[in-house]
Protein chains: 2
Amino acid sequence: MLTVSVENYLKAILHLQVEGDDRVSTTAIAQKVASTPASTSAMLAKLGERGWLEHQPYHGVRLTQKGHRVAMDILRKHRLWECFLVDYLGFEWDQVHDIAEELEHVGSVELINRLDAFLGFPKLDPHGDVIPGPNGRFRTVAARTLLTEAPRNLELVVVGVVDGGDAFLRHLGVLGIQLGTRMTVLERLSFDGSLHIKCPGDEEVQLLAPSVGQRLWVDQSSPSPEIVFPEEEDLQ
Amino acid sequence: MLTVSVENYLKAILHLQVEGDDRVSTTAIAQKVASTPASTSAMLAKLGERGWLEHQPYHGVRLTQKGHRVAMDILRKHRLWECFLVDYLGFEWDQVHDIAEELEHVGSVELINRLDAFLGFPKLDPHGDVIPGPNGRFRTVAARTLLTEAPRNLELVVVGVVDGGDAFLRHLGVLGIQLGTRMTVLERLSFDGSLHIKCPGDEEVQLLAPSVGQRLWVDQSSPSPEIVFPEEEDLQ
DNA sequence: TTAAATATTTAGTCTTGCCTAAAAATTAAG
DNA sequence: CTTAATTTTTAGGCAAGACTAAATATTTAA
Ligand SMILES: [Mn+2]
Ligand SMILES: [Mn+2]
Ligand SMILES: [Mn+2]
Ligand SMILES: [Mn+2]
């Protein structure tokens, strides 16, 4: 049975699997779902029996096709609801996670597909995370780089945040950074990887801690609308 | 703790309490929440201990102020979500109950108040049921009568349904009746209380079973838009 | 007013999901 | 390669909520 608890475990495992490791450890999962390793171990055994994941005792788990699909569907619901909360109810991006954490467990497939249509089939949620489609796979999305690894002296645009806990999101607010913010990396300090960045319009050069630079997805900035001149045939 | 189960019990008791009886019986509650009298008895004892209702063993329960408020808040959420589903996601009125039954348990007060505002502070849900306000009390609404008890030879308009299970709602669809449908009661048959009704535009007089007439709220029909002639100054 | 029918509670279990403490396996160090 | 540290599982319990069967209280009817 797909209980709220089971859904949260599967989604947590998906997150950890996407973030890198092929096999996911009991402790990591326990931490993600805020429970104990003992409870998690018991849960993993059960999820294994029921075919949502492969559990090699003492060596971690991996989602089966079936489990992966379930987890992607939860993620889809989570992110679509976040879009709704921000775009239609006026919430800030640092206020929606906990609410979506509940909404994602509402079951109806019809509901989520209609919500998707109502929202205009968005590809990204308010944190720049990719929204899975109704087929349970990620929608293709433009390439993106971590700010830390982006080339220097090129105007970039922030397109997403990695692991955007609410505290981090509020910190970005303090720094004046949000999705769509443009910036150029002037220098990467070899000491700790801090970045000197400059935002168009700002006088000052900003020093960005590596903990921030490692958690921002950026893309090459397309020319800003103001400086795009229409072709003649585009004019009425 | 306000679990989903507890919330469903409290809402069921509120429903039964509003529908008439001051004290509500264990069996009636059990039936409403689709569980057994034994399970319900245990739950009622617990709800009593926790101050949501007064339980006189063998003589039914009554919600306390505190329990009443909780139940009203669940009802508010249920009905506001139903509005959203019908008005924005294009669901039919017979498709939304089960989904709202889940959505009503999402906790955030901020969420429901913003949803209320987004919907334009509706007073009635898609079934014509009154939506409680943020203060936990019903918003005032126009007077209404059961069709069975309405005066004859007066044009009426359907403003709500009583206990609108999905099956009943679909049956109304077959009969061509929805919210806003106008009709005049020509005669009430003394045999079983069936009603002869006539809808404007229809040729035929319809015979309505008492099971239908007893479950329709009606109000005196205001003049229909078609027969209102604009004043001269309203013309361009 | 007593007996039968009905409603309610109690007793005894089960499942899910969580916990702590202890045992066992794996991994890391010396 | 053996010991120490870490990770994972097992053992034993608890609380919530549900069920069936049996006991008890209340109503209804004879
Ligand atoms: Mn969740
Ligand atoms: Mn998100
Ligand atoms: Mn419900
Ligand atoms: Mn309704």
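Numbered from 1 within each chain, the chains take letters A, B, ... in sequence-line order.
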With [X] via side chain to side chain contact (heavy atoms under 4.5 Å, CB included) - residues at least two apart:
X        : result
A:Gln31  : none
B:Ala38  : B:Thr36
B:Asn135 : B:Arg137
B:His171 : B:Leu175, B:Val212

Would you list the protein and nucleotides 9-13 of chain D atom pairs, both N or O, that sit under 3.5 Å from each other?
from: D:dT9; atom 1: OP1; to: A:His55; atom 2: NE2; distance (Å): 2.7
from: D:dT9; atom 1: OP1; to: A:Tyr58; atom 2: N; distance (Å): 3.1
from: D:dT9; atom 1: OP2; to: A:Thr26; atom 2: OG1; distance (Å): 3.1
from: D:dT9; atom 1: OP2; to: A:Ser41; atom 2: OG; distance (Å): 2.7
from: D:dT9; atom 1: O5'; to: A:Ser41; atom 2: OG; distance (Å): 3.1

If the cut-off is 4.0 Å, is [X] near the phosphate of [N], judged by side-chain N/O to OP1 or OP2?
X       : N      : value
B:Tyr9  : D:dA16 : no
B:Thr3  : D:dG17 : yes
A:Lys46 : C:dG17 : yes

How close or far is atom [atom2] of [N] from atom [atom1] of [X], stated in whole angstroms?
X       : N      : atom1 : atom2 : result
B:Arg23 : D:dT26 : CZ    : P     : 14 Å
A:Leu47 : C:dC18 : CG    : P     : 10 Å
B:Leu2  : D:dA16 : CG    : P     : 13 Å
B:Asn8  : D:dA16 : CG    : P     : 17 Å
B:Leu10 : D:dG17 : CG    : P     : 11 Å
B:Glu49 : D:dA15 : CD    : P     : 13 Å
A:Met43 : C:dC19 : CE    : P     : 11 Å
B:Leu16 : C:dA7  : CG    : P     : 15 Å

What contact category does [X] fall into here, base, sugar-phosphate, or nothing, at under 4.0 angstrom with non-hydrogen atoms?
X       : value
A:Ser5  : sugar-phosphate
A:Thr36 : base
B:Arg50 : sugar-phosphate

Could you go through residues 82-89 of chain B and list every donor-acceptor pair under 3.5 Å that involves a side-chain atom there, pairing it with any protein atom two or more places apart or in another chain?
from: B:Glu82; atom 1: OE1; to: B:His127; atom 2: ND1; distance (Å): 3.1
from: B:Glu82; atom 1: OE2; to: B:His78; atom 2: NE2; distance (Å): 2.9

Q) Does the B:Thr26 side chain pair with the main chain of B:Pro37, one donor and one acceptor, at a distance under 3.5 Å? A) no
Q) Between the side chain of B:Glu7 and the main-chain N/O of B:Ile74, is any donor-acceptor distance below 3.5 Å? A) no
Between protein and nucleotides 1-5 of chain C, what N or O pairs are separated by less than 3.5 Å?
none

Q. By salt bridge (Lys or Arg N to Asp or Glu O under 4.0 Å), which residues pair with A:Glu149, not counting sequence neighbours?
A. none
Output a table of donor-acceptor pairs, distance under 3.5 Å, between side-chain atoms of residues 115-124 of chain A and any protein atom two or more places apart or on a different chain; print 'none' if there are none.
from: A:Asp116; atom 1: OD2; to: A:Arg76; atom 2: NH1; distance (Å): 3.2
from: A:Asp116; atom 1: OD2; to: A:Arg76; atom 2: NH2; distance (Å): 3.2
from: A:Asp116; atom 1: OD2; to: A:Arg139; atom 2: NH2; distance (Å): 2.7

